Amino acid sequence: MLTPEQLRVPTLGSRQFQSPLRLSTRPGDELGDFTPDEARLLYRADFVTGEEIRWDLSFEKAGPREQIFFDPAKTVAAIVTCGGLCPGLNNVIRSVFLQLHHNYGVRNVLGIRYGYSGLNPAHGVPPVRLTTEMVESIHKLGGTVLGTSRGPEDPAVIVDFLEIQGVNLLFAVGGDGTQRGAHAIAAEARRKGLPLAVVGIPKTIDNDLPYVWESFGYKTALEKASEVLDCAHAEAKGVRNGISLVKLMGRYSGSIAAGATLASQEVNFTLVPEVPFSLKGENGFLAHLKRRMLSRGHAVIVAAEGAGQDLFPTSETERDASGNLALRDVGPLLRQAIVEYFTAEGIPAAVRYFDPSYIIRSVPANTQDSLLCDRLGRYAVHAAMAGKTDVLMGMWYNTFVHVPIPLVVAEKKFLNPESEVWRAVLAATGQPARFGPA
């Protein structure tokens, strides 16, 4: 159960410098306002009759503070991007730099190369000093100009390196693995007594970080995935008994699969990790697919990459460099099962298989994500300059808040099979709530 202490945001100490931002504390003077530390947002905004309102469970609102911890003229910042690619990484890099450089007057901003490995001098990849010319047009590009990598590095080595470089602010852009690393760095800095502000910026197209309403890259992923689904639909309808099978990203969360299904409105079956399914039997997936083909002559299937892991004969325990469980590839398994089933049933079927994962994650951000990236980056700078640390920028009820990183990495956010979103998927596809025994 969530406690008020878990929502408390660590700070480096008292703030002694006046913010250089031209803001005020008086509403109505045609200037933007500073955000006081006591500004809060309730964790729960939806209460039913008779339910106790927990006023003590609230997030600290994000925003510029009137007093800041660091002297901008003496501050050195660093930005690191980790994990897989995601639309909007370059937008975040650019917005963090511009907020630091133009609005706070921080003149030394370092770009860390190739993820956390760039913070370990043993890898021989020194940071680059970012400039206005360098970031001018990077928001129009996919990927990350700084490079990225997976896998942990020794936090003691990283903190020593940051201390040698004189870094006061570290912006860690990434998902749960990245944020676990950021938390370890913040803890090591505290152990050493080093005043280092570590601020995370949520990056995952799976949208699976808890206490983060939406992470950047998700809306772009949905847009591009829905385009693939439209093409898959055309392929399926273009031949007799056409079946298009599309595998989308989503290791543990079916958020992209569900969202793309709703955006496209051309999908007949959506398979996600949160809802186990059976292939065989009268109520199994293949039997439902057969009935669809006999009645309509074509079908579009979406499978999240983490769906159907229990269908494999053996349990794999291998992990990738980030510590994630190495998933078996459900796409080819489903394709083979469909081909074999329809062959056995004597029904000719043309099965097309699509795996656009790496294309979707490497495209530039769309308009919605560009706006989100800019705001996340700028709010992250406000938090760091105020001396907030071990904190992630979140958005809760459409409001930007500070979320302690330990809270974020303690769990994952999943697609709730009882949610309105999944009900909408069932309505759009017409598929049953479960494939297999009731």
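Computed over heavy atoms, backbone and side chain alike; hydrogens, waters and symmetry mates excluded. The model shown is predicted, which means the values in this text are computed figures rather than measured ones.
- D310 CG: more than 12 foreign heavy atoms inside a 6.0 Å radius.
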Q) Can you check side-chain contact (heavy atoms from CB on, under 4.5 Å) on L130 and I93, steps first, answer last? A) CA-CA 10 Å; L130 299 180; I93 294 168; 4.2 Å; yes
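- Residues passing the side chain to side chain contact (heavy atoms under 4.5 Å, CB included) test with L194, sequence neighbours excluded: V159, E163, A189, L196.
- Every residue was checked against the side chain to side chain donor-acceptor pair (under 3.5 Å) condition with R296, not counting sequence neighbours, and none meets it.
- Looking at Y252 and Q309, their side chains never bring a donor and an acceptor atom within 3.5 Å of each other.
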Compile the donor-acceptor pairs under 3.5 Å between side chains in residues 137-144 and protein atoms, sequence neighbours left out, one pair per line.
| from | atom 1 | to | atom 2 | distance (Å) |
| --- | --- | --- | --- | --- |
| H139 | ND1 | R94 | NE | 3.4 |
| T144 | OG1 | T81 | OG1 | 3.1 |
| T144 | OG1 | L146 | N | 3.1 |

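- Within the 3.5 Å criterion, the main-chain N or O of S215 finds a donor-acceptor partner in the side chain of N207.
- Within the 4.5 Å cutoff, the side chain of D154 has no heavy atoms near those of the N120 side chain.
- Atom CG in D56 sits 9.0 Å away from atom CG in L7 (nearest 0.5 Å).
- Atoms OG1 and CZ, on T399 and R40 in that order, are 13.0 Å from each other to the nearest 0.5 Å.
- Applying the side chain to side chain donor-acceptor pair (under 3.5 Å) criterion to T35, with sequence neighbours excluded, gives no partner residue.
- Using a 4.0 Å cut-off between charged side-chain N and carboxylate O, K413 and D208 make no salt bridge.
- Residues meeting the salt bridge (Lys or Arg N to Asp or Glu O under 4.0 Å) test with D374, sequence neighbours left out: R378.
- Contact record, G181 with Y116: C-OH, 3.7 Å, taken as the closest heavy-atom pair.
- Annotation: ring pair (Phe, Tyr, Trp, His ring centres under 6.0 Å) contacts of Y104 (sequence neighbours excluded): H382.
- Rounded to the nearest 0.5 angstrom, N366 CG and T220 OG1 are separated by 3.5 Å.
- Between E420 and R423 there is no salt bridge, since none of the side-chain N atoms of the basic residue sits less than 4.0 Å from a carboxylate O of the acidic one.
- Residues P195 and F69 meet the side-chain proximity criterion, which asks for heavy atoms closer than 4.5 Å.
- Heavy atoms from other residues, nucleotides or ligands lying under 6.0 Å from OH of Y114 number 12 at most.
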**Q.** Intermediate values then yes/no, salt bridge (Lys or Arg N to Asp or Glu O under 4.0 Å), D329 and K247
**A.** CA-CA 9 Å; D329 197 339; K247 186 182 77 171; 2.9 Å; yes
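- Using a 4.5 Å heavy-atom cutoff, the side chains of V92 and F97 are not in contact.
- Partners of E340 under the salt bridge (Lys or Arg N to Asp or Glu O under 4.0 Å) rule, at least two apart in sequence or in another chain, do not exist in this structure.
- The two residues I112 and G118 come nearest to each other via the heavy atoms CG2-C, 3.6 Å.
- Residues S244 and E235 come closest through the heavy atom pair OG-CB, 3.9 Å.
- To the nearest 0.5 Å, atoms CD1 (I301) and CG (L229) are separated by 11.5 Å.
- For I359, the CD1 atom is loosely surrounded, since the number of other residues' heavy atoms within 6.0 Å does not exceed 12.
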Q.
Please determine whether salt bridge (Lys or Arg N to Asp or Glu O under 4.0 Å) holds for the pair D37 and K388, giving the CA-CA distance in whole Å, both sets of side-chain angles, and the decisive distance to 0.1 Å.
A. CA-CA 11 Å; D37 269 345; K388 310 291 180 180; 3.0 Å; yes
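- T204 and D206 form no side-chain donor-acceptor contact under 3.5 Å, judged by distance and modelled atom types alone.
- Judged as a salt bridge (Lys or Arg N to Asp or Glu O under 4.0 Å), and not counting sequence neighbours, E223 has no contacts.
- A pairwise comparison of heavy atoms in P127 and F161 identifies CD-CZ, 3.8 Å as the closest pair.
- In this structure, the separation between CG on L57 and CG on L41 is 12.0 Å, given to the nearest 0.5 Å.
- Within the structure, ring pair (Phe, Tyr, Trp, His ring centres under 6.0 Å) pairs that include any residue of residues 395-428 comprise Y43-W396, F59-W396, W213-W396, W213-Y397, Y379-F400 (at least two apart or interchain).
- For E214, the salt bridge (Lys or Arg N to Asp or Glu O under 4.0 Å) partners are K219, not counting sequence neighbours.
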Q: Go through E305 and L248 one step at a time and tell me if the side-chain contact (heavy atoms from CB on, under 4.5 Å) criterion holds.
A: CA-CA 6 Å; E305 62 179 317; L248 296 176; over 6 Å; no
Q.
Could you walk me through whether M385 and V106 satisfy the side-chain contact (heavy atoms from CB on, under 4.5 Å) test, starting with their C-alpha distance in whole Å, then the side-chain angles of each, then the deciding distance to 0.1 Å, before giving a yes or no?
A. CA-CA 10 Å; M385 290 301 295; V106 174; 4.3 Å; yes
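- Contact detail for A62 and R65: the closest heavy-atom pair is C-NH1, 3.7 Å.
- With respect to E38 and K61, no salt bridge is recorded, no charged nitrogen being found less than 4.0 Å from a carboxylate O.
- Side-chain contact between L392 and P202 is present, with at least one heavy-atom pair separated by less than 4.5 Å.
- Applying the side chain to side chain donor-acceptor pair (under 3.5 Å) test to residues at least two apart or on different chains, the pairs with a partner in residues 264-281 are D230-S264, H233-E266, T261-T270.
- Side-chain atoms of R240 and H298 form no donor-acceptor pair, as typed in the model, at a separation below 3.5 Å.
- For S255 and Y218, the side-chain atoms include at least one donor-acceptor pair closer than 3.5 Å.
- With sequence neighbours excluded, the residues that form a ring pair (Phe, Tyr, Trp, His ring centres under 6.0 Å) with F285 are F269, F435.
- Atoms CE and CD1, from M293 and I338 in turn, are 9.5 Å apart once rounded to the nearest 0.5 Å.
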